[in-house]
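Note on naming: letters A, B, ... go to the chains in the order of the sequence lines (proteins, then strands), and numbering restarts at 1 for each one.
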Number of protein chains: 2
Amino acid sequence: MKRSKKDRQRQLQEKIKEQPFVTDEELADFFGVSVQTIRLDRMELSIPELRERIKHVAEKKLTDEVRSLPIEEVIGDVIDIELDKSAISIFDVKKEHVFKRNGIARGHHLFAQANSLAVAVINDELALTAKANIRFTRSVNEGERVVAKAKVTEIQERKERTTVQVSSYVGQELVFEGDFIMYRSNTSVKDETNENSY
Amino acid sequence: MKRSKKDRQRQLQEKIKEQPFVTDEELADFFGVSVQTIRLDRMELSIPELRERIKHVAEKKLTDEVRSLPIEEVIGDVIDIELDKSAISIFDVKKEHVFKRNGIARGHHLFAQANSLAVAVINDELALTAKANIRFTRSVNEGERVVAKAKVTEIQERKERTTVQVSSYVGQELVFEGDFIMYRSNTSVKDETNENSY
DNA sequence: TCCGATATTAGGACTAGGTACTAATAGTAG
DNA sequence: CTACTATTAGTACCTAGTCCTAATATCGGA
């Protein structure tokens, strides 16, 4: 017996952790013991078989992807709006909005809230973002509530452009700021039934 | 024959894409045909068996993890990446990404693709967007495929800032352009020991 | 040195989820 | 009615195991 049983089992655990896609036969070769011994070791250490290990990794990948991928259609709840003047929305940062690595909200969600609000505040049939200049002034964490305030600062009718300034806060702290230059078609529409198309 | 063979094969491809952890037997039940038929279909469509599919998913997860970057969290599919240099991703615009009123993609999806690519291209433990200057140069419609190309243009180590330029195209047409100023922690992460859990 | 406990190995039966192949049958178009 | 495609059935074989029994090997202590 080159190594003791405990020694081998410790190394086995390490080996599988580092390189989970290894068969019992390969492990038996590696440790110079029989396949049966490897299997007994796995039992004692409660390490599942190769296929189960592969499956766990794959399943984790799928749940990770589902969790992080979708961006909702409308980000934030509009709580106040005065067309072509100002609007306010709130957005609660949940775990699907943050980097799993560090729990910090991903920038595009803050942008999405601001952008959606900039679109919503415009009293026009068609409103699209043309340009934007944005600053992230503080990182936002899971569980925080972001309040975005949009203010229409300029309406150039002949140019089909409207400027909207959006500032987002967590409590009193500014976390995001953006100047949005919006394209608009100049056909007022909000007297229609609101279809909530933003 | 409720559906034609081609019809069934098309649906089969969809089904497996959406839900790759399904056995031939379950598929046979689902489509009301025999297992052999499902197997013939897979052959013709060059779809590998369940275990191979699981293995591919798991392998992809491991290689992604080795890169230690949030590739799984990128909006769109990363098709090429050279850390701290450049990256390319594709994003297919579907109906959930557009305004139902006019079928035009919401700006924040294009932003999200570009922003997440800018984050992914940075070879650092922590990368956050600090500022961005963006232009939407053409509206993108449902069904179109957006290719985003990110290029790292400047790395200021002492200032913990990196500039990334992202240009997104539909075919040859530029649809979005953005300059991203990214914050980074300056702790390169690629040389870490890989601690995969099985 | 022998005895009993622990460790290791061998072998067989069985499993899931297949591949690869042959053969039979069903349905449809010309 | 025949030719052809589509579908189904069945067999042998595969991998990477589980679960079980039985036979050895090795070691530590009296």
5' to 3', nucleotides 10-25 of chain D under a 4.0 Å protein heavy-atom cut-off (B base, S sugar-phosphate only, - none) gives B----BBBB-------
Does B:Glu25 CD have over 12 foreign heavy atoms under 6.0 Å away?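 No, because the 6.0 Å sphere around CD of B:Glu25 holds 12 heavy atoms or fewer from other groups.
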Please round to the nearest 0.5 Å and tell me the distance separating atom CD1 of B:Ile16 and atom CG of B:Asp24.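 One gets 7.5 Å once the value is rounded to the nearest 0.5 Å.
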Protein N or O to nucleotides 4-6 of chain C N or O, pairs below 3.5 Å:
none

To the nearest angstrom, how far is [X] atom [atom1] from [N] atom [atom2]?
X       : N      : atom1 : atom2 : answer
A:Leu40 : C:dG11 : CG    : P     : 16 Å
B:Gln9  : D:dT5  : CD    : P     : 15 Å
A:Phe31 : C:dT9  : CZ    : P     : 13 Å
A:Ile38 : C:dT8  : CD1   : C1'   : 11 Å
A:Leu12 : C:dA7  : CG    : P     : 15 Å
A:Lys6  : C:dA7  : NZ    : P     : 9 Å

NZ/NE/NH1/NH2 to OD/OE distance under 4.0 Å, A:Lys61 and A:Asp64: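 Answer for the salt bridge query: no.
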On the 0 to 90° scale, with breaks at 30° and 60°, tag the B:Phe111-B:Phe180 ring pair as parallel, tilted or perpendicular.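 B:Phe111 and B:Phe180: tilted rings.
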Could you tell me which residues satisfy salt bridge (charged side-chain N to carboxylate O under 4.0 Å, His left out) with B:Glu160, sequence neighbours excluded, listed by chain and number?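 Checked B:Glu160 against salt bridge (charged side-chain N to carboxylate O under 4.0 Å, His left out); zero matches.
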Distance-only, no hydrogens or angles: does the B:Arg39 side chain make a donor-acceptor pair with backbone N or O of B:Glu49 under 3.5 Å?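 Looks like no, no N/O pair under 3.5 Å.
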Residue pair A:Arg135, A:Asp179: steps toward the side chain to side chain contact (heavy atoms under 4.5 Å, CB included) verdict: CA-CA 9 Å; A:Arg135 278 93 54 204; A:Asp179 299 304; 3.4 Å; yes
Should B:Thr37 be listed as having a side-chain N or O under 4.0 Å from OP1 or OP2 of D:dT7?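 Looking at the OP1 and OP2 atoms of D:dT7, neither is under 4.0 Å from any side-chain N or O of B:Thr37.
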Is A:Val35 touching bases, backbone alone, or none of the nucleic acid, heavy atoms closer than 4.0 Å?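 Touches nothing.
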So, applying side chain to side chain contact (heavy atoms under 4.5 Å, CB included) with B:Ser185, which one of B:Leu128, B:Ile122, B:Asp124 is it?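 Of B:Leu128, B:Ile122, B:Asp124, side chain to side chain contact (heavy atoms under 4.5 Å, CB included) with B:Ser185 is met by B:Asp124 alone.
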Trace of the side-chain hydrogen bond (donor to acceptor under 3.5 Å, both in side chains) decision for A:Ser89 with A:Gln113: CA-CA 8 Å; A:Ser89 82; A:Gln113 180 190 18; 3.2 Å; yes
